[in-house]
Amino acid sequence: MHASLPEFDMPTDEQVHLAAESFRLLADPTRIKVLWALLQGESSVACLAELAGAAPTAVSQHLAKLRLAGLVKGRREGTFVYYSAADDHVRGLLAQALHHADHLDRDLPPEHAHRP
């Protein structure tokens with residue numbers, strides 16, 4: 001039935017798998033806080049831990065998973081690693097999720113949006 005629609009398009013199994021994996025990794029409040037902070041600029045584990053209200057070791061583990069998934073990247077400077085969001089796709093994912101949450105939680109008008 002849907003296949004007969006001229007503009008009908010389904011993602012590939014690989015696209016669906018990768019998208020689901022990204023959402024799975026984002027399904028954690030600490031990771032959302034960390035990514036939101038990184039969208040506003042490069043940061044260290046210690047700073048991110050303070051912003052997220054989590055232990056540095058926990059934030060470091062979250063960052064490792066996010067880095068493996070391609071959502072964040074790290075830059076080494078001496079003994080320190082500074083993290084940043086991988087690209088604007090991450091910004092879009094989080095902005096839409098937080099915008100949607102605002103509307104579910106507070107019934108805000110459509111023009112209200114989170115923007116880092």
Side-chain angles (χ1 to χ4, degrees):
M1 178 174 164
H2 289 93
S4 65
L5 299 171
E7 298 297 318
F8 185 75
D9 185 32
M10 286 290 290
T12 66
D13 287 346
E14 180 68 9
Q15 288 171 318
V16 170
H17 173 74
L18 292 172
E21 182 64 14
S22 291
F23 283 127
R24 186 183 69 76
L25 284 168
L26 293 174
D28 181 281
T30 299
R31 290 183 191 151
I32 290 174
K33 288 178 184 179
V34 165
L35 279 171
W36 193 255
L38 291 175
L39 287 168
Q40 297 173 68
E42 193 176 65
S43 191
S44 67
V45 171
C47 183
L48 291 169
E50 185 178 326
L51 290 169
T57 54
V59 169
S60 184
Q61 290 173 355
H62 286 301
L63 286 165
K65 290 176 184 173
L66 293 168
R67 201 176 97 228
L68 284 173
L71 296 172
V72 301
K73 56 187 176 181
R75 177 183 65 80
R76 183 168 295 282
E77 189 173 295
T79 59
F80 291 97
V81 178
Y82 294 94
Y83 293 90
S84 59
D87 55 39
D88 278 341
H89 293 113
V90 175
R91 179 183 311 280
L93 281 170
L94 281 184
Q96 285 296 317
L98 291 169
H99 184 72
H100 181 69
D102 275 347
H103 287 84
L104 288 176
D105 188 38
R106 299 188 273 166
D107 197 29
L108 295 175
E111 63 274 1
H112 182 272
H114 278 75
R115 301 231 186 256

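The shown structure was predicted, so the numbers you read here are calculated from the model rather than taken from an experiment. Here, residue 1 is the first one in the sequence, and each next residue gets the next number.
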Interatomic distance, Asp87 atom CG to Lys73 atom NZ [nearest 0.5 angstrom]: 7.5 Å
Find out whether Leu25 and Asp28 are in side-chain contact, i.e. whether some heavy atom of one side chain is under 4.5 Å from a heavy atom of the other. no
Measuring from Asp13:CG to Leu18:CG, what's the distance to the nearest 0.5 Å? 11.0 Å
Do other residues, nucleotides or ligands put more than 12 heavy atoms under 6.0 Å from the CD atom of Glu50? no
What are the two closest non-hydrogen atoms of Val59 and Ala49, and how far apart are they? CG2-CA, 3.6 Å
Please give me the minimum heavy-atom distance between Glu42 and Ser84, naming the atom from each residue. CA-CB, 4.5 Å
Closest non-hydrogen atoms of Thr30 and Ala52, given as atom of the first, atom of the second and distance, are CG2-CB, 4.2 Å
Exercise: identify the closest heavy-atom pair between Leu39 and Ala85: CD2-CB, 3.6 Å
Give me the atom names and distance for the closest heavy-atom approach of Gly70 to Ala86. O-CB, 3.0 Å
Tell me whether Tyr82 shares a hydrophobic cluster with Leu35, the cluster being built from Ile, Leu, Val, Met, Phe, Trp, Tyr side chains joined at under 4.5 Å. no
Nearest heavy-atom neighbours spanning Ala37 and Leu48: CB-CD2, 3.8 Å
Heavy atoms, side chains only, cut-off 4.5 Å: are His62 and Val34 in contact? no
State, with a plain yes or no, whether a side-chain heavy atom of Ile32 is found less than 4.5 Å away from one of Leu94. yes
Leu38 side chain near Leu63 side chain, heavy-atom distance below 4.5 Å: yes
Side chain proximity check, Tyr83 to Leu66, heavy atoms < 4.5 angstrom: no
According to a 4.5 Å side-chain heavy-atom criterion applied to Ile, Leu, Val, Met, Phe, Trp and Tyr, with indirect links allowed, do Val72 and Leu68 form part of one hydrophobic cluster? no
I need the Met10 CE to Gln15 CD distance, nearest 0.5 Å. 10.5 Å
